[in-house]
Amino acid sequence: MMRNNQQGFSAIAIIAILVVVAVVAFAGWRVYDAQENGTESTPEVTSQERTPAPEVSDSQDLEEAESYLKDIDVDSELDTSEIDEALNE
């Protein structure tokens with residue numbers, strides 16, 4: 001009677017382990033590279049560009065800013081009907 005007493009890893013098991021190690025190494029490299037370059041690996045979300053606010057040096061600047069804000073009628077642009085309906089439910 002012949003006994004088949006083989007021990008060790010099969011070729012498929014070794015290839016599977018190598019693939020898993022390669023995927024983990026690639027993911028780690030991407031994270032390291034993103035941190036080194038100061039970028040993120042996810043796509044960047046762009047926001048609206050803002051103009052820098054002017055410096056306030058005296059009370060005249062504050063008065064001009066106050067008059068500017070009073071001239072802007074933000075409430076006329078808002079549609080609060082949906083909020084009012086939700087609150088009344």
Side-chain angles (χ1 to χ4, degrees):
M1 194 153 114
M2 199 166 150
R3 291 180 61 184
N4 192 0
N5 195 11
Q6 296 180 353
Q7 294 179 347
F9 292 104
S10 67
I12 295 174
I14 292 174
I15 291 172
I17 291 171
L18 287 175
V19 168
V20 169
V21 169
V23 168
V24 170
F26 179 73
W29 175 76
R30 292 279 300 200
V31 170
Y32 173 77
D33 188 49
Q35 287 178 351
E36 285 294 313
N37 294 333
T39 60
E40 294 185 17
S41 60
T42 58
E44 223 177 90
V45 177
T46 58
S47 62
Q48 295 177 351
E49 293 183 21
R50 295 183 181 187
T51 57
E55 291 185 23
V56 176
S57 59
D58 58 7
S59 63
Q60 179 64 29
D61 291 338
L62 289 176
E63 290 171 4
E64 288 176 10
E66 181 183 17
S67 66
Y68 174 75
L69 291 174
K70 285 182 180 179
D71 290 342
I72 297 175
D73 190 16
V74 176
D75 293 334
S76 67
E77 298 175 10
L78 296 176
D79 181 20
T80 60
S81 62
E82 292 179 17
I83 296 172
D84 293 337
E85 290 173 9
L87 290 175
N88 291 331
E89 290 179 357

What distance separates F9 CZ from I15 CD1, expressed to the nearest 0.5 Å? 14.0 Å

Donor-acceptor pair, distance only, cut-off 3.5 Å: does the side chain of D61 make one with the backbone of E64? no

With rounding to the nearest 0.5 Å, note down the distance linking CG in D71 to CD in E66. 10.5 Å

Can you list the residues that meet the side-chain contact (heavy atoms from CB on, under 4.5 Å) rule with S81, with sequence neighbours excluded? D79

Using atom types as modelled and distance alone, determine if a side-chain donor or acceptor of D33 lies under 3.5 Å from a backbone N or O of W29. no

Can you confirm whether more than 12 heavy atoms, excluding those of L18, are under 6.0 Å from its CG atom? yes

